[in-house]
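Beneath this line is the structure, given in structure tokens, with notes to follow.
Per chain, numbering begins at 1; letters A, B, ... match sequence-line order. From a predicted model like this one, the values you see are computed outputs, not experimental measurements.
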Amino acid sequence: MKLKYHVPRGTIDYLPAYFEKWKAIEKIWRKLTHVYGFKEIQTPMFEHTELFIRSAGETSDIVSKELYTFEDRGGRSLSLRPEGTSPVVRAYLENSMNNLPQPVKLFYLMPMFRYERPQAGRLRQHTQYGVETIGSASCFTDAEVIHLAMSFYKELGFDGLKIQLNSLGDKETREKYKINLINYFNKYLGDFDEEYKLKLQKNPLRILDTKEENLKPIVENAPKITDFLSVRSRNHFETLQNYLNDYQIEFSLNTRLVRGLDYYNDTVFEVTSNKLGAQDAIAGGGRYDGLIEQFGGKSTPAFGFGAGMERLIFAMEKHSLNIQESSNVEVYLVAAESVAKQRTMDVLFELRKERISSDLDPFFEDKVGKQLSKAAKLGAKFAIIIGSEELLNDTLTLKNLESETQEKISLPEIIARLKRK
RNA sequence: GUGAUUGUAGCUCAGUUGGUUAGAGCGCUAGAUUGUGAUUCUAGAGGUCGCGGGUUCGAGCCCCGUCCUUCACCCCA
């Protein structure tokens, strides 16, 4: 059959088999965020474009080339949200959450949209799960969020994930560092192509995480931002490392780790896997103490991380981790003869009234074998067979499809037994 | 946005130097089996070979364009 339509580039259909994994993961995510004291928030899928430009930075790729922007009928410029932090911060301010006990700890699970070329582990619509702790400058907050992320991955069964940690210091640190870095790179301008020369002007920090082989030695010997940290920033960074050590969270320092969003300061981190190809980051986040003030609120420190659900599922496949929550129907009813049709329907709705997952073949095909085969294919654990024999004795035949044993028992007994599980 | 790569049945793929009616396995449907799932056997459905144009007596195969897939860059989850 020739289909007229298919999903837009970079999007996927979330099919039942995928959702079996998704739901099992989401369950653990919800459990852990609750255990760590976070509450759920969701924001609209689109916001005023201005919000993203202001927060992520005009020169950031997310804003300059990846935004899905449209004008609504009222002439407003709106954009599908490319990331979660700025909408959550907007919601925090708009709903006066600064009047709640601080810090306010929020988690989310919501779709994001970025106009990018799709690639392994990268989509145009993807779903991010993440947390934001707003209102705490405490190093404990950094540690607790990283701790949450790692417990999550541990519970999912991951082994061999790496945490990369760095500190970007405060604004003054970065200004000072930038000047130093530019001076350093200027000595190697001959090795830079046009693209990198432009980058050097716009955002020299980005050169640090280059994949260009011939630039790597130069980057290797570049000044390190951690050597420029203020006393306060250095204390914060060292205390965090101590906390992580205290709680046996392994990490490696990576002074070349810079993140793509302009609002970060001090702590930044990424969780990476070596089995994902070029897109190796499973989660990323950091501290953004200046963003709330930038949005018109009182100066308020904050820390958070975000991570991609689809990439997580992709990573779990690569790590051979299997997790799923069956969505198969539990009981399949088989009407063995047409005289039993009415009774079969009655039993079905009795079972459903008792909230036992059950179904039947709406075509009421005569062949028992065909109906049983359908039951098996649908993954039902039990079949209940009803024919003239059962009608006479007022019993039902309960067949365990796994052990292939069957017995004749009454409906109340079946209900009692299935509900006990 | 840049570079490369892919497209034949629901899925995985074959298809000769361009040649007549495009195949296989799996899956699906039906029957063998009128109250029992597997296996087996038999039969069947399912393709304008991504789309558009060109070359040719003739195109799944060659050429151009386009879309999609995949991978990498940029960047990111």
P spacing across the pair B:C51 / B:G35, given as an integer number of angstrom: 48 Å

A cation-pi test, strictly: NZ or CZ of A:Lys176 under 6.0 Å from the centre of the six-membered ring of A:Phe228 and no more than 45 degrees from its axis. Yes or no? no

For A:Asn166 and A:Asn254, test the side chains for any donor-to-acceptor distance below 3.5 angstrom and give the result as yes or no. no

Tell me the interatomic distance from A:Leu392, atom CG, to B:G35, atom P, rounded to whole angstroms. 15 Å

Suppose we define a pair by two distances each less than 3.5 Å, Watson-Crick or G-U wobble; what does B:G35 pair with here? none

Rounded to whole angstroms, how far apart are CG on A:Leu67 and P on B:C75? 18 Å

If I pick the C1' atom on B:C28 and the same atom on B:U12, what distance separates them, to the nearest angstrom? 16 Å

Would you mind reading off the distance between A:Tyr332 atom OH and B:U36 atom C1', rounded to a whole angstrom? 14 Å

Do A:Arg117 and B:U2 have a side chain to base donor-acceptor pair shorter than 3.5 Å? yes

For A:Gly369 and for A:Pro8, locate the closest nucleotide of RNA chain B by heavy-atom distance; then report the residue assigned to the nucleotide nearer the 5' terminus. A:Gly369

Take atom P in B:G46 and the same atom in B:A30, then report the distance between them in whole Å. 16 Å

Distance criterion of 3.5 Å, no angle test: do you see the side chain of A:Lys65 paired donor-to-acceptor with the base of B:C75? no

Does the structure place the NZ or CZ of A:Arg352 under 6.0 Å from the centre of the six-membered ring of A:Phe349, at an angle of no more than 45° from the ring's axis? yes

Assess the residue pair A:Asp346 and A:Lys341 against the criterion (salt bridge (charged side-chain N to carboxylate O under 4.0 Å, His left out)); give the C-alpha distance rounded to whole Å, side-chain angles, the decisive distance to 0.1 Å, and a yes or no. CA-CA 9 Å; A:Asp346 293 346; A:Lys341 182 174 162 183; over 6 Å; no

I need the CG-P distance between A:Leu109 and B:A77, as an integer number of Å. 16 Å

Take atom P in B:G53 and the same atom in B:A59, then report the distance between them in whole Å. 13 Å

Could you state the CZ-P distance from A:Arg259 to B:A77, rounded to the nearest angstrom? 4 Å

Residue A:Lys27 excluded, over 12 heavy atoms near NZ under 6.0 Å: no

In whole Å, I'd like the distance from the CD1 atom of A:Ile282 to the P atom of B:A77. 13 Å

What about A:Gln406: does its side chain form a donor-acceptor pair under 3.5 Å with the base of B:U36? yes

Expressed in whole Å, how much space separates the C1' atoms belonging to B:A14 and B:U2? 35 Å

Taking atom P of B:C68 as reference, at what distance in whole Å does atom CZ of A:Arg124 sit? 8 Å

Determine whether a donor-acceptor pair (one donor, one acceptor, N or O, separation below 3.5 Å) exists between the side chain of A:Lys370 and the base of B:G37. no

Rounded interatomic separation in angstrom, taking NE2 from A:His6 and P from B:G50: 13 Å

Applying a 3.5 Å limit to both distances, which nucleotide forms a Watson-Crick or G-U wobble pair with B:A4? B:U70

So is A:Arg124 actually on top of A:Tyr115's ring, under 6.0 Å and inside 45° of the axis? yes

Please work out if A:Ser388 contacts a base, only the sugar-phosphate, or nothing of the nucleic acid, heavy-atom cut-off 4.0 Å. base

Say you pick atom C1' in B:U6 and the same atom in B:G60; how far apart are they, in whole Å? 15 Å

Taking the same atom, P, in B:U56 and in B:C61, what whole-Å distance lies between them? 16 Å

Does A:Arg114 contact B:C75 through a side-chain donor or acceptor facing the base, at a distance under 3.5 Å? no

